[in-house]
Amino acid sequence: YTVWNFLPKNLFEQFRRIANFYFLIIFLVQVIVDTPTSPVTSGLPLFFVITVTAIKQGYEDWLRHKADNEVNKYRVTVLEDGRRIQKESEKIKVGDVLEVEEDETFPCDLILLQSSRDDGTCFVTTASLDGESNHKTHYTVPDTERDVESLNATIECEQPQPDLYKSLGPENLLLKGATLKNTQSICGVAVYTGMETKMALNYQGKSQKRSVVEKSINAFLLVYLCILVSKALVCTTLKYVWQSKPGQDEPWYNEKTLKEKETNLYLNMFTDFLSFMVLFNFIIPVSMYVTVEMQKFLGSFFISWDKDFFDSEIEEGALVNTSDLNEELGQVEYVFTDKTGTLTQNNMEFIECCIDGHQYKYRDASSEVDGFCVTDGPMNTVQQKAGRVSVVVSRHLCMLLTREREELFLRALCLCHTVQVDGLMVDGQVVPPLQEQRGFIASSPDEIALVQGAMRYGFTFLGLESKTMKILNRTNDVEMYELLHVLNFDPVRRRMSVIVRSISGETLLFCKGADSSIFPRVKQEEVEKIRMHVERNATDHAFPNHYDMKFVIMILFYLLFYSLQEEAAETMEALQGAGIKVWVLTGDKMETAKSTCYACRLFKRNTELLELTVRTLESPGKRREDRLHDLLLEYHKKTDLFLQICQNCTSVLCCRMAPLQKAQVRTNSKGSPITLSIGDGANDVSMILEAHVGIGIKGKEGRQAVRNSDYAIPKLKHLKKLLLGHGHLYYVRIAHLVQYFFYKNLCFILPQFLYQFFCGCSQQPLYDAAYLTMYNICFTSMPILAYSLFEQHISIEMLLENATLYRQIGKNAMLRWGPFLYWTLLGVFHGLVFFFGVWFLFSNPALQDNGQAFGNWSYGTIVFTILVFTVTLKLALDTRHWTWINHFVIWGSLAFYVFFSFFWGGVIWPFLRQQRLYFVFANMLSSVSAWLVIIVLILLSLLPEILYVVLRKPRGPYARQVVL
Amino acid sequence: MMASSYSAKDEDGHITVSGPGGGTLRNKKPENTAFKQQRLPAWQPILTAGTVLPAFFIIGLIFIPIGIGLYVTSNNIKEFEIDYTGDDTSSPCYNCAKNFSWNNTKSCTCTIPFQLDQPYESNVFMYYGLSNFYQNHRRYVKSRDDSQLNGNIDSLKVGASSPMASRKKKKPSKECEPYASIDNKPIAPCGAIANSMFNDTLKLFYNDPNGTSVPIPLTSTGIAWWTDKHVKFRNPVGTNSNLTAVFQGTVKPVNWHRPVYELDTDPENNGFINEDFIVWMRTAALPTFRKLYRIIQKKNNMAPTLPRGNYTLVVDYNYPVRSFEGRKRMILSTISWMGGKNPFLGIAYITVGSVCFFLGVVLLVIHHKYGNRNNSANISN
């Protein structure tokens, strides 16, 4: 937007919403056709709604503009003709040479030309791109290092393309959005700018998620639209039937104007139909959308304000990215969870290793407790991860002594990784090997755990310096290894390798990886033995000594433990108690995943496990996954057997899943049930985006998941309160809000409809225009808004304690046709009571003690007074949680109604053509009969409601609360 | 709304406008206030049979006496109603009704004898009632000009000087059409309501047993709302205090026999503030309605206002209703503190009271029978 086209553009956007468009049509009909109510009655609310929305969007837009400016006007240093020039970042052109300092973000995609580091490298973190927080090394383009000032070169590059990972390959390309680290400054030439940068290309708009409640609202709206149209049709028909009787259409006292006489009959019918539509259009309220939006928007603040979601470690609370889905949290039926980092913490600890039969457990004073808990406590939420480091060395090494082999293993641990040492790297200086935590940065936590494990045994990794790795060994000597090549870990190979050359000239290849990828490299007969061991380890928590050294291949074995997230088990138990089915989707192998599930009490001891794996698929690694996945889809295609089985299970564990498969499992089961996905890493993003509700955990795998989620929470344990507490409450609140809105407008309009039978179907409104307009804006909107923000029909503690309460609102229980019918009938009943109660009273309109009579506006005012009071008191009856705000708003709006009526009737308004309500309200109050009828009718209307509440009580959900 | 060009920059990480309560709360511990933690002190009323039962009984006990009181009051109100439409041959007004024509300048008079069986002790209120008369028809209801009735002199003028001005000041308001003006002269008062003002004249005579016929004094003031008479309706104040002069240049409504400034001889009840007129201008809610016509004030002695005996109603029959199958009635009624005779309120109160009471009993039984069992079951849970 710009300042001048904001208004038309914004209006256009707003009227694209079907509801707004409908109201615009109504408004236009009122302007064009001679309708019973003036255009103001529907124009004013519409104008109000549009203005509020426009202001809100304008404000958001202004914020966005400001943020854009911050980026676009960001000063960057450009080298031009050998001089440094400050430029605004939006003016960067392709080909400019930029200088970027440490900790700055690259303003566009750059080719690295020169680095302040001697070796022509620079370190970059791409945390904001892909969530990986480790430092990546980028290299300068060879031969350009020295003479940037006089460089004259042409760059040929491909068309901009969005693939982030392909592009990360070229090691001289620095991506926009990444941050420069550990390097003082670099120079680079801009290759892609603006919308052509990888980051911009990669961005895709999040698809709008719609909640079930919204679908219900739309269904109800349709019903009410039908009611509206049929009412208008009935009235139009009756009007012409009535008029056909002699003397009714145009009695002598009420002649038509010339214009009316001349109009075509059918045109007249049509305009009459439109007029009735306008008269009854209040049945579909403008304000409902506003109130629902406000409720969602304001309600989401309570989630981010909740201090229980605050995690002191990361100093953050919950984050709400979408406010549209608050109520969906109360409807979740399936939870898909990632294992690593979600169920389990992302901290790993090096527990023990076995080298040639020697078991190394780290046991010293400070960590004894730690280690003990970790291994023994069956209650302790621990999860192990088995892995192997196989060290492949040249032939003569196999004759080494055990001791040397052990050291070799530790060296291998120290060398075979991509860990970087943070900060305090001092050239050449020997830092005393202390137990102190050194800052290691790595892409995966197991690498850190390994390096730290090695450090405990005396081998400290000092860092990487211009392709030389330094290790501090047990005798405090620094060993230098020249790094020849690194094959990074990737999900396809599932292992990483380094080739180093030691000082003595030996070339060593260290290979590290998951067992499935290491085994093929080992001889077949070994494999069987090892696997046997490993499987026993994984399942039985036993630690057999295992060694194998007959051959050049030395397989060493280490154990790492994942500790579970705090209160993960409790959370899972609560979710299951709430009737939510939990699916664990993990890339781990079955044994590990299974033991996690046991630890989380997802699987209990007595749970019957149904294993759907194909044992015949022996070949490990990638192919097996594919087969499993094919199998899965096959099942799905055939008879939905797989899903049927899964949907009948309380919890499902899917192992060996690739990120994409995670999403596919989700898609397959995306049907009617509401699903929730929770995960913390970039690999969970697709899953999070697929689910009805996506929840990100602010874990250590970067912020990618958080950014793509609908809600973000710091820890898994917060899920419980989010679903059982907030979700439940929000669902109840919004369901009540929606039903109440329809109800109150039904009993608002029904008397008006009935009145048509008594005024010759002439579209005479029962209520004054001011009342018609204000009813939904002022008189009845605030109490329901307060209700829908503060209501706690059951206290949060109670909800958290009794997870089963969650089942009661499952499957959209409060917005199904049953409750809708109940509310509709209630509305009809109230409407009938209001109208006919007053109708009977008006069989003799002499209602004042001085014999004076009341007219039609008094009739309307009495009905309206009863209406406002009943509707508000009905809400008061439903309110279980009276805060001072509820009190204020409920009694306040009643008082406001009375005050307004006095005020409105107390003055001759010069801008009004007719002083219809002049002193009508005051006169009404001076009549005892009016008072009496108001009281008795309110009570009569509320009687069934009170009865319903009382009779339902003993069996209802409140019974337990009553006793407590 | 989110244009993709803007959103792309959101990814940078320093922008925190993404969602409600989004980034602004980062690195900030949520405040531990009762409001934000949804822990505001709250009153949590729980409606149980125990709390509702007494309420039901109390309501029942209050409503039934009130209802009985209302019913008795309503029954004590004396009301006499006579239909003088004259659409059947035996009716004294048959001829008047049959021979009605708008062109008659001389009004037709008919005499209806009737008898009161009971004496009417207090003030008696005389109403006229119309049936099947749609005063609440939309075209009718809006056909008035309140600004004219409020004494706005502009609404009585027609700017004859220039057509532009006259168009602009096209008063009376066009809502009054087709009763706004005749021959470019504004009608005062304009509109269908005013035009169709009830103009039968009703007179009451008491037939003394000794044969003489005594006219009963009828008060024509105090029949309209005070605020209507004194604020909402006002005569235009011109340079001249004479009403006739003020209404100079206006035309009387088509169906009226006399212009507005000749409605009454009393200047306080003439013109727009004529109370008959004001009463008529308050449109009725339903097609069958009654409007206050006259008040028969109680004399200060002990004699009843209207003693038992024979009376004669003399009607100047000016108001045709047969064309739309309407009916005309004359009603004599006394008034209580709750207004005219209407048994509805009494019945409603008795019904609601009884229902409450009955429900109270039923609930008591249920509570007694099942309540204990439920409680014990809950406790065992």
Side-chain angles (χ1 to χ4, degrees), chain A residues 36 63-64 67-68 71 128 199-200 203 205 247 251 253-255 257 297 300-302 304-305 307 310 315 317 320-321 323 758-760 762-764 840-842 844-849 851-853 855-856 859 880-883 914-915 918-919 928-929 932 936 940 949-950 953-954 959 963, chain B residues 1 4 6 8-9 11-13 15 17-21 25-27 29-30 32 36-38 40 42-44 47-49 52 125 134 136-141 146 177-178 192 196 227 232 282-286 289 291-292 323-324 335 337-340 342 344-345 348-349 352 374 378-379:
Chain A
L63 282 184
R64 215 173 290 144
D68 283 350
V71 178
S128 65
M199 200 185 78
Y203 182 81
Y253 58 83
N254 191 10
E255 280 170 16
T257 58
F297 180 72
S300 59
F301 280 112
F302 282 115
S304 45
W305 279 339
K307 73 169 172 13
F310 183 76
E315 296 273 306
V320 181
N321 289 329
S323 57
F758 297 92
C759 69
S762 58
Q763 304 127 28
Q764 169 64 24
F840 278 117
L841 185 76
F842 266 70
N844 182 354
L847 291 170
Q848 281 180 288
D849 56 358
Q852 293 169 0
N856 65 325
Y859 191 115
R880 298 261 160 279
H881 191 81
W882 286 79
T883 61
Q914 298 200 0
Q915 312 295 334
Y918 186 69
F919 262 78
V928 184
S929 293
L932 289 172
V936 77
L940 184 61
V949 170
V950 170
K953 190 75 61 182
V963 175
Chain B
M1 282 312 296
S4 58
Y6 301 128
K9 277 134 198 167
E11 295 284 292
D12 267 4
I15 296 160
V17 278
S18 49
L25 285 162
R26 274 184 202 159
N27 302 326
K29 192 177 163 89
N32 187 11
K36 291 191 174 179
Q37 301 305 319
Q38 304 193 56
L40 283 176
W43 172 54
Q44 292 173 312
L47 286 178
T48 59
V52 172
F125 294 78
Y134 283 85
N136 55 6
H137 196 280
R138 185 163 73 90
R139 202 176 335 120
Y140 188 80
V141 169
D146 276 349
E177 293 288 349
S196 60
T227 47
K232 193 174 168 182
R282 180 154 295 281
T283 48
L286 299 170
F289 60 91
K291 283 178 186 287
L292 188 53
S323 62
F324 53 90
I335 285 292
W337 49 270
M338 56 171 277
N342 191 354
F344 163 71
L345 267 182
Y349 266 78
V352 172
N374 271 329
N378 283 333
I379 288 162

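Letters A, B, ... are given to chains in the order of the sequence lines, protein chains preceding strands, and every chain is numbered from 1. Predicted model, so just to flag it, every value in this text is computed and none were measured.
- Options A/Val928, A/Val936, A/Leu940 differ in how many heavy-atom pairs under 4.5 Å they form with chain B, and the most are formed by A/Val936.
- Annotation for A/Asp849 and B/Ile335: closest pair O-CG2, 3.3 Å, computed over non-hydrogen atoms.
- In terms of modelled atom types and a separation under 3.5 Å, the side chain of B/Asn136 and the main chain of A/Gln764 share no donor-acceptor contact.
- For A/Phe842, the ring-ring contact (aromatic ring centres under 6.0 Å, His included) partners at least two apart in sequence or on another chain are A/Tyr859.
- Both the backbone and the side chain of B/Val141 come within contact range of chain A, each with at least one heavy atom under 4.5 Å from a heavy atom of that chain.
- Across B/Ala284, B/Ala285, B/Ala348, the residue that shares the most heavy-atom pairs under 4.5 angstrom with chain A is B/Ala285.
- For the atom pair CD (A/Gln848) and CH2 (B/Trp337), the distance works out to 14.5 Å, reported to the nearest 0.5 Å.
- Both the backbone and the side chain of B/Tyr140 come within contact range of chain A, each with at least one heavy atom under 4.5 Å from a heavy atom of that chain.
- For B/Phe324, the parts lying under 4.5 angstrom from a heavy atom of chain A are both the backbone and the side chain.
- Side chain of B/Lys232 to main chain of A/Tyr918: no donor-acceptor pair is present (N/O by atom type, distance under 3.5 Å, no hydrogens or angles).
- For B/Arg139, there are no side chain to side chain donor-acceptor pair (under 3.5 Å) partners at least two apart in sequence or on another chain.
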(request) Begin with the C-alpha distance, continue with both residues' side-chain angles, and end with the deciding distance and a verdict on side-chain contact (heavy atoms from CB on, under 4.5 Å) for B/Tyr134 and A/Asn254. (result) CA-CA 9 Å; B/Tyr134 283 85; A/Asn254 191 10; 5.9 Å; no
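- Checked by atom type and distance alone, the side chain of A/Asn844 never pairs as donor or acceptor with a backbone atom of B/Asn342 at under 3.5 Å.
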